[in-house]
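Written below as structure tokens is the structure these notes are about.
In each ligand, atom 1 is the first atom listed, and ligand 1 is the first ligand listed.
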Amino acid sequence: MGKFPGIGTTIFSVMSKMAEDHGAINLSQGFPDFDGPAELMARLSWHVNNGHNQYAPLAGVPALQEQIAKKVSRLYHCEVDPARQVVVTPGATEALYCAITACVHPGDEVIVFDPSYDTYAPCVRLNGGVTRHIPTQYPDFAIDWQRVAGEISDRTRLIILNSPNNPSGKVWSEDDIHQLRRVIEGRDIQLISDEVYEHITFDGRAHLGLLRFPDLAARAYCISSFGKTYSVTGWRVGYCVAPEELISEMLKIHQFINFSTNAPMQYALADYLRDYPDKLLELSNFYNTKRNIFCKLLDKTRFNFVPSEGTYFQLADYSGLSDEPDREFAARLTREHKVAAIPVSVFYQEPPGQRIVRFCFAKNDDTLHEAARRLAAIR
Ligand code: PMP
Ligand code: GLN
């Protein structure tokens with residue numbers, strides 16, 4: 001018997017493969033169908049052609065660590081030591097695995113909010129921990145903080161947050177931060193804040209990164225991804241900012257998984273952040289426009305939806321179209337209507353039985369128009 005029965009292949013691989021097999025427009029796995037900035041691509045080829053092709057240092061290329069520290073100082077007024085409080089990782093995925101492994105001992109409990117990104121629970125389990133899932137539901141995805149307080153015990157070691165949330169798009173409010181502070185007060189609980197969509201919030205909403213709050217940042221691993229920010233998911237570069245004690249624990253794991261992260265990509269990203277520090281501030285507007293276009297197109301279909309608050313995902317309720325469970329519906333949508341989406345039940349320990357799929361709108365407008373034309377034709 002395998003060591004981890006019950007851990008299957010991630011839904012993102014499953015649906016992207018299905019999209020390819022059936023020649024469907026792939027609005028399932030979250031990645032753009034356009035390239036990142038041309039200047040960034042140019043810096044990568046420059047570094048590849050100018051000898052930056054050997055191992056990067058364990059925690060990252062110093063020039064990139066410095067740019068990350070500058071960015072968090074500018075955006076969140078948080079001063080960190082670039083050499084000791086920043087680790088560059090092969091994607092946010094590796095940062096999540098290392099951070100979870102660094103804090104979870106066998107038997108420890110970890111609170112996650114469902115719908116939760118599909119990496120969290122398996123990583124906790126691989127470390128012998130136990131996840132306690134707090135459900136939130138379509139359409140508002142509000143957190144029941146009383147329930148959270150009731151779940152916390154002396155065994156609770158970690159809470160994993162993700163705002164803006166994948167898949168719901170929910171963005172945390174000041175009140176959520178306040179409630180979080182209240183429930184962990186006086187307890188030895190660490191935080192992992194998955195902020196890979198930190199630069200994608202809509203309708204003027206602010207991203208409340210934990211680095212803004214010194215008392216919370218003092219116990220948090222804050223994780224982000226250049227793949228999301230600069231449309232280069234295949235480059236596999238993310239990072240984690242945390243107090244020195246937490247980073248040094250995390251490095252003990254990182255050194256034996258990847259040792260270090262792709263060198264030329266790090267040099268290119270460091271140059272780009274230095275030369276275009278404000279570029280990432282344009283991302284919210286860019287995706288807000290795409291969300292508006294996609295929602296307007298969805299209005300002509302029989303899907304129901306509430307516009308997403310952040311991320312590049314839009315949920316849609318298909319109960320007006322079908323009674324099928326969401327995995328079956330998503331498979332049929334891909335096979336018969338040639339549009340792939342993600343069934344949202346996979347993000348729940350106990351799916352609430354809603355009829356919801358997730359569409360990724362990080363696509364060229366032509367792609368969105370053609371996908372919506374196909375969705376509108378479903379009767
Ligand atoms: N966290 C969330 C919420 C995500 O949606 C993703 C995927 N994009 C990741 C982490 C992993 O990011 P990366 O591609 O940088 O590993
Ligand atoms: N985070 C992306 C999504 O939600 C997928 C990343 C992956 O496939 N590992 O679709």
Side-chain angles (χ1 to χ4, degrees), residues 7-20 26-33 36 60 64 68 87-100 112-124 136 141 160-172 192-201 207 209-210 221-241 254 257-258 261-262 265-266 269 280 283 287 308-315 330 334 340-348 356-363:
I7 295 187
T9 302
T10 168
I11 191 71
F12 307 117
S13 299
V14 171
M15 291 313 302
S16 275
K17 167 92 171 46
M18 203 183 288
E20 201 174 319
N26 191 357
L27 304 191
S28 64
Q29 190 177 25
F31 62 88
D33 70 347
L64 183 55
I68 293 168
V87 185
V88 183
T89 56
T93 306
E94 201 244 23
L96 284 166
Y97 181 80
C98 293
I100 290 169
V112 298
F113 300 97
D114 283 357
S116 53
Y117 186 57
D118 80 338
T119 298
Y120 309 149
C123 288
V124 170
T136 69
F141 294 98
I160 303 181
L161 332 169
N162 172 217
S163 173
N165 178 270
N166 177 8
S168 71
K170 180 78 177 173
V171 172
W172 273 34
I192 291 179
S193 188
D194 178 347
E195 302 183 17
V196 301
Y197 302 101
E198 62 181 321
H199 304 300
I200 315 181
T201 57
H207 167 63
L210 282 204
Y221 293 90
C222 295
I223 293 173
S224 193
S225 170
F226 290 115
K228 304 289 162 189
T229 303
Y230 297 129
S231 304
V232 286
T233 59
W235 284 19
R236 313 304 302 127
V237 189
Y239 65 87
C240 176
V241 176
H254 170 72
I257 299 181
N258 276 87
T261 302
N262 307 315
M265 278 78 173
Q266 293 194 61
L269 286 161
L280 38 81
L283 211 59
Y287 279 118
S308 171
E309 296 179 357
T311 73
Y312 44 50
F313 302 117
Q314 177 61 52
L315 299 188
T334 310
I342 297 288
V344 167
S345 62
V346 301
F347 300 98
Y348 283 92
I356 317 257
V357 288
R358 187 198 81 178
F359 294 113
C360 171
F361 56 79
K363 306 292 167 188

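Comparing Ala92, Gly30, Pro167 by heavy-atom distance to atom 12 (O) of ligand 1, the nearest is Ala92. Taking each of Asn165, Asp194, Thr229 in turn, the one with a heavy atom nearest to atom 2 (C) of ligand 1 proves to be Asp194. The option from Pro164, Ser224, Ser225 that lies nearest to atom 15 (O) of ligand 1, judged by heavy atoms, is Ser225.
No donor-acceptor pair under 3.5 Å is formed between the side chain of Thr334 and the backbone N or O of Ala19. Side-chain atoms of Glu94 do not come within 3.5 Å of backbone N or O of Arg236 as any donor-acceptor pair.
Contact annotation: for Met15 versus ligand 2, there are no heavy atoms closer than 4.0 Å. Contacts between Val237 and ligand 1 below 4.0 angstrom, taking non-hydrogen atoms only, are absent altogether. At a heavy-atom distance under 4.0 Å, only side-chain atoms of Arg358, from C-beta outward, approach ligand 2.
Aromatic pair Phe12/Phe31: centroids not less than 6.0 angstrom apart.
Nearest non-hydrogen protein atom to atom 4 (O) of ligand 2 is Asn166 ND2, 2.7 Å. Distance from atom 1 (N) of ligand 2 to its nearest protein heavy atom, with residue and atom name: Tyr117 OH, 3.1 Å. What sits closest to atom 8 (O) of ligand 2 on the protein, heavy atoms only, is Gln29 NE2, 2.7 Å. Summary of contacts: the protein heavy atom closest to atom 11 (C) of ligand 1 is Thr93 OG1, 3.3 Å.
Using 4.0 Å as the threshold, Glu94 has no heavy atom nearer than that to any atom of ligand 1. At least one heavy atom of Val196 sits closer than 4.0 Å to an atom of ligand 1. Using a 4.0 Å cutoff on heavy atoms, Phe226 does not count as a contact of ligand 1.
Ring geometry for Phe226 versus Tyr230: interplanar angle under 30°, hence parallel rather than tilted (30 to 60°).
Ligand 1 places these atoms under 4.0 Å from at least one heavy atom of Asn166: 3 (C), 4 (C), 5 (O).
Looking at ligand 2, you'll find an N or O of Gly30 within less than 3.5 Å of one of its N or O atoms. Considering backbone and side-chain atoms alike, Tyr117 places every N or O at 3.5 Å or more from each N or O of ligand 1. Ligand 1 has a nitrogen or oxygen under 3.5 angstrom from a nitrogen or oxygen of Lys228. Here's the thing with Arg236: one of its N/O atoms is less than 3.5 angstrom from an N/O atom of ligand 1.
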